[in-house]
Undergrad: 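Just dropping this structure here.
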Amino acid sequence: MNNGHSSVPSLTLTGTVQTEEDRALQEALRQRGPLPVHIAIIMDGNGRWAQQQGKHRVVGHYEGIESVRDITEACAQLGIPYLTLYTFSTENWQRPASEVNALMQLLVHTIRREKQRLLENGVRLQVVGDLDQLPAECRHELEQAIQETAQNQRLVLTLALSYSGRWEILQAVRALARRVQAGTLRPEDIDEAVFAAALPSASLPDPDLLIRTGGEFRVSNFLLWQIAYTELYITDTFWPAFRRRQLYEAIYSYQNRERRFGRIRPTDTNPPR
Ligand code: IPE
Ligand code: IPE
Ligand code: MG
């Protein structure tokens, strides 16, 4: 609690210290506004981060968890309502079994270890993806954490797991086709709102800001429908090195953008002809 002594670092609920400097940076971003409501992140570059240091790729995944923790906590403190993390793609199943297994183990251990911290930070955990593909232990751990954090309201943290944008679009298409077949929906009534409501991640607003770490200029099958008008931010920084300072830079860049959504800027007027 900050009781006016600005030189005293304030404790977050978890007991980790949020420095006054960090609080000031966050406040400056809030004042500068607007903050994105929904930030989505393609957390890429774990393997390269590790290999750069002559370490095994898995070491990068371990260090990447530290970034997940820091970014989640920073978003909660800043007042960002939605954070969605691309954690494991449909295509990632094609990696060597040893890496896939290590990632699944890491997921189980992390959820187990971080659950208390999520509760203390007011973070509600959600997942989106083809969860049937996940090992039973993983699903169990996730279900527990989802249930236990269901009442939290500060930040909705969604992990995209065994996820791809095309997978998600197909789920919506199938659901709508079933309703048409059952006679409860007419094809001509399918508009953008009806389609979006049929997506597995329908509870999330479209992302305002999509961050990709690791420097690749592609979307790798992430949130294809939802990013129609999302602002993109790509940084060469590998995910394990991406911490709250880098997040603030991304938000700062977002705040400099002019979102036109296909219109012209309100101040632009054409002279009469
Ligand atoms: C992202 O890092 C994590 C996952 C995709 C699971 P990578 O493992 O893709 O790391 P790079 O891109 O090979 O460096
Ligand atoms: C995207 O990273 C998927 C996740 C971050 C979970 P990838 O490493 O799988 O993407 P590509 O292969 O570079 O497109
Ligand atoms: Mg990668």
Side-chain angles (χ1 to χ4, degrees), residues 38-72 75 82-111 113-114 125-135 137-139 141-142 157-171 199-201 204 207 209-227 230-243 246-247 250:
H38 182 183
I39 298 179
I41 308 183
I42 302 176
M43 309 185 287
D44 197 25
N46 292 355
R48 279 167 286 163
W49 180 86
Q51 280 165 341
Q52 214 179 34
Q53 304 170 47
K55 292 177 181 154
H56 194 280
R57 290 177 55 83
V58 170
V59 177
H61 297 316
Y62 281 113
E63 193 60 27
I65 300 296
E66 303 299 318
S67 297
V68 170
R69 188 188 295 123
D70 193 44
I71 297 305
T72 303
C75 283
Y82 297 94
L83 173 65
T84 300
L85 302 177
Y86 203 7
T87 307
F88 193 85
S89 75
T90 306
E91 289 77 20
N92 289 152
W93 289 114
Q94 291 159 44
R95 293 190 179 195
S98 58
E99 181 163 339
V100 171
N101 292 340
L103 283 165
M104 293 302 143
Q105 279 300 311
L106 186 58
L107 184 62
V108 170
H109 290 144
T110 304
I111 300 293
R113 202 184 55 208
E114 299 294 322
L125 184 73
Q126 291 191 162
V127 286
V128 62
D130 191 3
L131 305 181
D132 291 346
Q133 304 300 318
L134 297 176
E137 194 189 16
C138 240
R139 277 203 309 270
E141 222 42 70
L142 286 165
L157 170 65
T158 306
L159 303 182
L161 270 171
S162 190
Y163 174 90
S164 74
R166 288 184 176 181
W167 169 85
E168 187 175 25
I169 287 168
L170 284 176
Q171 303 316 300
L199 289 166
S201 69
L204 304 175
L209 173 62
L210 172 64
I211 298 171
R212 180 164 188 148
T213 61
E216 310 287 0
F217 281 74
R218 53 179 175 253
V219 291
S220 300
N221 218 345
F222 192 39
L223 301 173
L224 297 179
W225 170 270
Q226 297 90 333
I227 60 173
T230 298
E231 295 296 326
L232 309 179
Y233 181 86
I234 294 164
T235 170
D236 285 336
T237 305
F238 295 133
W239 177 249
F242 190 91
R243 300 292 161 92
Q246 287 73 29
L247 175 75

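This structure is a prediction, so every number in the text was calculated from the model and none was measured. Indexing begins at 1, ligand by ligand and atom by atom, following the structure's order.
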Undergrad: Under a 4.0 Å threshold between the charged nitrogen and the carboxylate oxygen, would Glu63 count as salt-bridged to Arg243?
TA: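 Judged by the 4.0 Å cut-off on N to carboxylate O distance, Arg243 and Glu63 do form a salt bridge.
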
Undergrad: For Ser89 and Tyr163, indicate whether the former's side chain and the latter's backbone hold a donor-acceptor pair under 3.5 Å.
TA: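 No, because the side chain of Ser89 does not come within donor-acceptor range (under 3.5 Å) of the backbone of Tyr163.
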
Undergrad: With hydrogens left out, which residues have an atom under 4.0 Å from ligand 1, given that only heavy atoms count?
TA: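 Answer by chain and number: Met43, Asp44, Gly45, Asn46, Gly47, Arg48, Arg57, His61, Thr87, Asn92, Arg95, Glu99, Leu103.
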
Undergrad: Within the side chain of Arg212, is there an N or O that forms a donor-acceptor pair under 3.5 Å with the backbone of Phe217?
TA: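 Not confirmed, Arg212 side chain does not pair with Phe217 backbone.
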
Undergrad: Can you list every pair that meets salt bridge (Lys or Arg N to Asp or Glu O under 4.0 Å) and has a residue in residues 230-239, with sequence neighbours left out?
TA: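 Sorted pair list: Glu231-Arg257, Glu231-Arg259.
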
Undergrad: Taking Asp130's backbone N and O only, do any of them form a donor-acceptor pair with Ser162's side chain (distance below 3.5 Å, no angle check)?
TA: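 A pair under 3.5 Å: yes.
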
Undergrad: Which of the protein's N, O or S atoms come within less than 2.8 Å of the Mg ion (ligand 3), not counting waters?
TA: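 Protein N/O/S atoms under 2.8 Å of the Mg ion (ligand 3): Asp44 OD1.
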
Undergrad: Tell me if a side-chain donor or acceptor on Glu168 pairs with a main-chain N or O of Ser201 at a distance below 3.5 Å.
TA: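 Yes.
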
Undergrad: Would you mind reporting whether His38 and Leu204 have side-chain heavy atoms less than 4.5 Å apart?
TA: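 Leu204 reaches His38 side chain to side chain.
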
Undergrad: May I ask you to list the atoms of ligand 2 that are less than 4.0 angstrom from any heavy atom of Arg212?
TA: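 Here the atoms of ligand 2 in question are 2 (O), 10 (O), 11 (P), 13 (O), 14 (O).
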
Undergrad: What is the distance from atom NE2 of His61 to atom CG of Leu107, rounded to the nearest 0.5 Å?
TA: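 Going from NE2 on His61 over to CG on Leu107, the span is 12.0 Å.
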
Undergrad: Measure the shortest side-chain to side-chain distance between Ile39 and Leu247 over non-hydrogen atoms and say whether it is less than 4.5 angstrom.
TA: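 Heavy-atom side-chain distance check passes, below 4.5 Å.
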
Undergrad: Using a strict 4.0 Å cut-off to heavy atoms of Arg218, name the atoms of ligand 2 that fall inside it.
TA: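 That gives atoms 11 (P), 13 (O), 14 (O) of ligand 2.
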
Undergrad: Could you list the residues that satisfy side chain to side chain donor-acceptor pair (under 3.5 Å) with Gln105, not counting sequence neighbours?
TA: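 Testing Gln105 for side chain to side chain donor-acceptor pair (under 3.5 Å), a comparison that skips the adjacent residues, returns none.
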
